[in-house]
Asker: 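Before I ask anything, let me first share the structure, which is written out below as structure tokens.
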Amino acid sequence: MAKKLNYADMAAAIITQLGGKENLTNVNHCATRLRVVVRDEAKVNPDALKKIPGVLGVEAHANQVQVIVGQIIEDLFLEVEKRVGKTDGVTQKPQEKKLVTIFSNFLQLMAGIMSPVIPSLIAAGFLTCLLLLLNLVFGLDSTNSTYIILNNLAQSVFYFLPVFVAYTSAKKFDTEPVLAMLLACWLLYPDWVTMAGAGGYTSYFGIPTLLTTYNGAVLQIILSVWVMSKLDQALKKALPLSVRHFLKPFLLILITSVITLTLTGPLGGLVTNYIAMFIAWIRNYASWAAVPAIIIFACTLGLLCPGFHLALIPIATTSLATVGYDDFINIWFFCCTITPGFIALAVALKSRQRRLKEIAFPASISALFGGISEPTTYGISYKMPKVYFCSIATSLITGLYAGFVHLKCYGFGGYSLTNILLYLGENGDTANFIKALIGVGIMAVCSFVFVFLTKWDDSVYNEDDESEAVPALASIELSAPAEGVYIAQEKIADPVFTAGTLGACFGIRPQTDEVKAPISGIINSIAPTKHAITIKGEGGAEVMVHIGIDSMKLDEHEIEPLVEVGQTVSRGQQLARIDLEAFKAKQLDNTIIVILLNSAAYAEVRADDQRQQLIAAA
């Protein structure tokens with residue numbers, strides 16, 4: 001049976017291998033990934049991150065790092081946030097403005113804005129399925145009050161999508177969320193909708209204004225909130241503090257309203273219309289190639305810009321709002337999410353590796369019924385390339401089929417078996433529903449045929465099996481890491497250590513430049529900044545020696561490790577040499593802290609102040 005993950009230990013290890021909390025400028029998450037922006041990408045250790053139990057994969061692009069962990073992300077994120085605090089809105093490190101970088105950053109921006117909205121879209125999809133079931137099983141028709149109310153609930157997310165996007169955009173651009181939502185609500189106000197229904201133009205403060213509706217709009221509101229954020233910054237600088245509190249909100253919403261109706265709204269609408277026209281052209285002349293093309297595009301760009309697919313969700317919502325169905329984005333998700341589910345199931349049935357089976361069965365359930373394919377992609381496919389090619393081939397074949405038969409999805413979220421009724425639609429499109437079922441059958445058959453006929457090597461999971469064979473914990477003593485003055489945990493000058501966030505600990509204010517091993521074991525990791533060394537101790541202890549507080553401000557030569565990862569060390573052996581004068585000159589606390597990272601696994605952990613030790617009883 002797989003060992004239960006300790007999210008506290010996992011979070012501590014991830015932060016260490018990301019260069020420490022000082023290296024993190026922005027920490028967020030989506031459904032399966034911890035998304036981090038770092039100050040210095042050179043301090044990130046991707047190889048060590050991948051070896052942390054529970055981490056399925058790591059994607060690093062410039063100073064943006066994504067740690068893929070699957071459906072445990074919410075529990076893990078809470079532990080990470082405890083250690084690093086709130087980081088939204090922190091300025092990212094400037095990057096070279098190459099065309100590829102700009103495009104990638106734009107997709108990442110859109111993905112970050114759309115990601116928090118996904119649960120509401122998925123909920124709407126499930127509500128639509130519920131309506132279909134009520135209609136099919138209980139004969140509830142569209143004139144029934146319960147049906148009408150539930151349908152209103154399902155459709156509200158699409159009508160009021162600008163309000164949700166306004167909030168997430170404001171958080172992303174670091175401006176006033178409530179004012180951004182007010183702007184979106186104003187665009188959906190019934191009187192404006194009535195005016196816009198007449199078409200043509202009107203005037204606003206004497207400026208010609210296009211009469212158009214904004215229900216379901218996404219790009220328009222994102223552009224408007226971006227302008228609002230720039231105006232917000234300008235007003236903060238221009239207005240005296242004495243009047244800023246009441247005058248800034250008034251000016252901000254008034255000026256932004258003019259810019260929205262006369263510039264960003266029509267401009268965003270124009271871009272949206274061109275996208276809709278392009279999709280219509282594909283739909284009419286090359287529908288068979290659309291989904292396979294985006295699958296190939298996704299397999300290429302996804303390696304460089306993981307999570308970018310979220311940026312394309314507005315295309316799906318626009319299509320659903322205009323023609324009543326989506327035959328592009330949702331179909332792509334359908335092919336590339338259900339396929340990994342069958343791939344994982346086939347791998348689980350074929351493989352004899354216990355550890356692989358433990359990964360594959362949950363991954364299959366996650367993709368087939370949860371619509372989340374990352375556990376398969378990062379936990380299986382990326383580790384066994386031949387299996388990945390099986391998945392790509394199956395997705396392409398299904399995509400070609402979907403294009404030829406013009407498969408349609410009548411709601412957002414039709415990329416799991418749970419929401420398969422979305423292909424039936426409110427009007428009972430049984431022919432389309434049968435096409436979807438055939439598509440599922442194609443994915444199942446191709447996945448099993450390809451996986452069982454392909455020879456792939458699953459020996460990569462041998463190491464994982466061995467890593468689980470951890471001996472039972474033994475009682476241990478952690479000795480002082482240096483000669484000097486003992487500092488009890490509650491007196492360490494850092495709240496993270498004082499609170500025992502990383503685990504029970506104690507400190508020594510050193511009198512010499514030697515840092516010593518507090519326990520015998522194997523060096524598990526050395527932080528890129530050299531200020532933290534972890535040791536896998538005898539008896540299962542996981543220990544970190546943290547050299548100084550804010551010590552990452554030191555120059556490279558001012559902490560000199562004398563050991564390497566994988567090296568066996570003995571208690572009292574010198575781990576590193578430090579420059580005490582450098583700590584003094586830069587006014588940094590030089591306390592060397594010993595942390596028992598897995599202290600929660602011990603029955604009792606106590607400090608022995610007299611002997612300068614930490615004692616853990618198993």
Side-chain angles (χ1 to χ4, degrees), residues 5-29 32-70 72-73 75-85 87 93 306 378-379 382-383 463-464 467 494 496-497 501-503 505 521-537 541-552 554 556 559 561 563-567 575-576 593-598:
L5 293 173
N6 185 315
Y7 299 125
D9 291 352
M10 188 177 175
I14 288 172
I15 293 168
T16 298
Q17 302 307 336
L18 288 169
K21 70 173 185 177
E22 302 89 351
N23 196 38
L24 311 183
T25 64
N26 187 286
V27 180
N28 214 317
H29 74 94
T32 57
R33 307 165 184 173
L34 185 68
R35 297 172 177 269
V36 183
V37 179
V38 297
R39 287 189 172 87
D40 185 355
E41 56 267 31
K43 295 175 180 176
V44 177
N45 190 339
D47 292 334
L49 280 169
K50 292 175 184 176
K51 293 179 180 178
I52 296 172
V55 173
L56 300 175
V58 176
E59 296 288 344
H61 179 64
N63 66 332
Q64 300 181 41
V65 182
Q66 297 187 22
V67 183
I68 301 96
V69 296
I72 67 170
I73 182 59
D75 293 321
L76 175 66
F77 180 73
L78 290 174
E79 293 295 337
V80 171
E81 195 173 46
K82 286 179 186 177
R83 290 156 175 75
V84 301
T87 57
K93 180 180 175 181
Y378 294 100
Y382 278 12
K383 291 186 176 182
E463 183 179 338
D464 293 336
S467 67
D494 187 317
V496 172
F497 297 115
T501 306
L502 298 179
C505 60
I522 298 173
I523 301 298
N524 194 46
S525 68
I526 301 175
T529 51
K530 304 175 184 177
H531 74 285
I533 299 173
T534 60
I535 303 172
K536 188 71 174 179
E542 297 172 10
V543 181
M544 176 186 289
V545 179
H546 195 284
I547 304 170
I549 297 173
D550 289 335
S551 48
M552 63 182 304
L554 293 171
E556 183 177 351
I559 297 180
V563 292
E564 297 178 350
V565 173
Q567 179 179 336
L575 299 178
I593 305 154
V594 175
I595 312 113
L596 182 58
L597 296 173
N598 61 337

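We use all heavy atoms of the structure for the numbers below, so side chains are in, but hydrogens, waters and symmetry mates are not. All figures in this text were calculated on a predicted structure; none of them were measured in a lab.
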Asker: Apply the test side-chain contact (heavy atoms from CB on, under 4.5 Å) to residues Asn26 and Val36: give CA-CA distance (whole Å), side-chain angles for both, the deciding distance (0.1 Å), then the verdict.
Answerer: CA-CA 6 Å; Asn26 187 286; Val36 183; over 6 Å; no
Asker: Measure the shortest side-chain to side-chain distance between Leu24 and Val38 over non-hydrogen atoms and say whether it is less than 4.5 angstrom.
Answerer: yes
Asker: Tell me the closest heavy-atom pair linking Pro561 and Ile526, and the distance in Å.
Answerer: CG-CG2, 4.3 Å
Asker: Which atom pair, heavy atoms only, marks the closest approach of Ile68 to Gln66?
Answerer: CD1-O, 3.7 Å
Asker: May I have the step-by-step check of side-chain contact (heavy atoms from CB on, under 4.5 Å) for Ile52 and Val67, ending in yes or no?
Answerer: CA-CA 10 Å; Ile52 296 172; Val67 183; over 6 Å; no
Asker: Looking only at atom types and distance, does a side-chain atom of Arg39 sit under 3.5 Å from a main-chain N or O of Glu22, one as donor and one as acceptor?
Answerer: yes
Asker: Roughly how far, to the nearest 0.5 Å, is the CD1 atom of Ile522 from the CD1 atom of Ile535?
Answerer: 11.0 Å
Asker: Side chains of Glu542 and Thr534: does their closest heavy-atom pair fall under 4.5 Å?
Answerer: no
Asker: Roughly how far, to the nearest 0.5 Å, is the CE atom of Met544 from the NE2 atom of His531?
Answerer: 7.5 Å
Asker: Looking at residues at least two apart in the chain, or sitting in another chain, which of them share a side-chain contact (heavy atoms from CB on, under 4.5 Å) with Ala541?
Answerer: Ile476, Ile519, Val543, Leu596, Tyr602
Asker: Give the intermediate values and the outcome of side-chain contact (heavy atoms from CB on, under 4.5 Å) for residues Leu76 and Ile14.
Answerer: CA-CA 10 Å; Leu76 175 66; Ile14 288 172; 3.8 Å; yes
Asker: Write down the atom of Val565, the atom of Ser525, and the distance for their closest heavy-atom approach.
Answerer: CG2-CA, 3.9 Å
Asker: For Asn23 and Leu18, indicate whether the former's side chain and the latter's backbone hold a donor-acceptor pair under 3.5 Å.
Answerer: yes
Asker: Looking at CD1 of Ile547 and CD1 of Ile533, how far apart are the two atoms once the value is rounded to the nearest 0.5 Å?
Answerer: 4.5 Å
Asker: Please find the pair of heavy atoms, one from Ile15 and one from Arg83, that lie closest to each other, and give the distance.
Answerer: CD1-CB, 3.5 Å
Asker: How many angstroms lie between CD1 in Ile595 and OG1 in Thr16, if you round to the nearest 0.5 Å?
Answerer: 8.0 Å
Asker: Grab the two heavy atoms, one from Gly54 and one from Met10, that are nearest each other, plus how far apart they are.
Answerer: C-CE, 3.4 Å
Asker: Rounded to the nearest 0.5 Å, how far does CZ of Arg35 lie from CG of Asn28?
Answerer: 8.5 Å
Asker: With rounding to the nearest 0.5 angstrom, report the CG to CD distance, Asp9 to Glu79.
Answerer: 9.0 Å
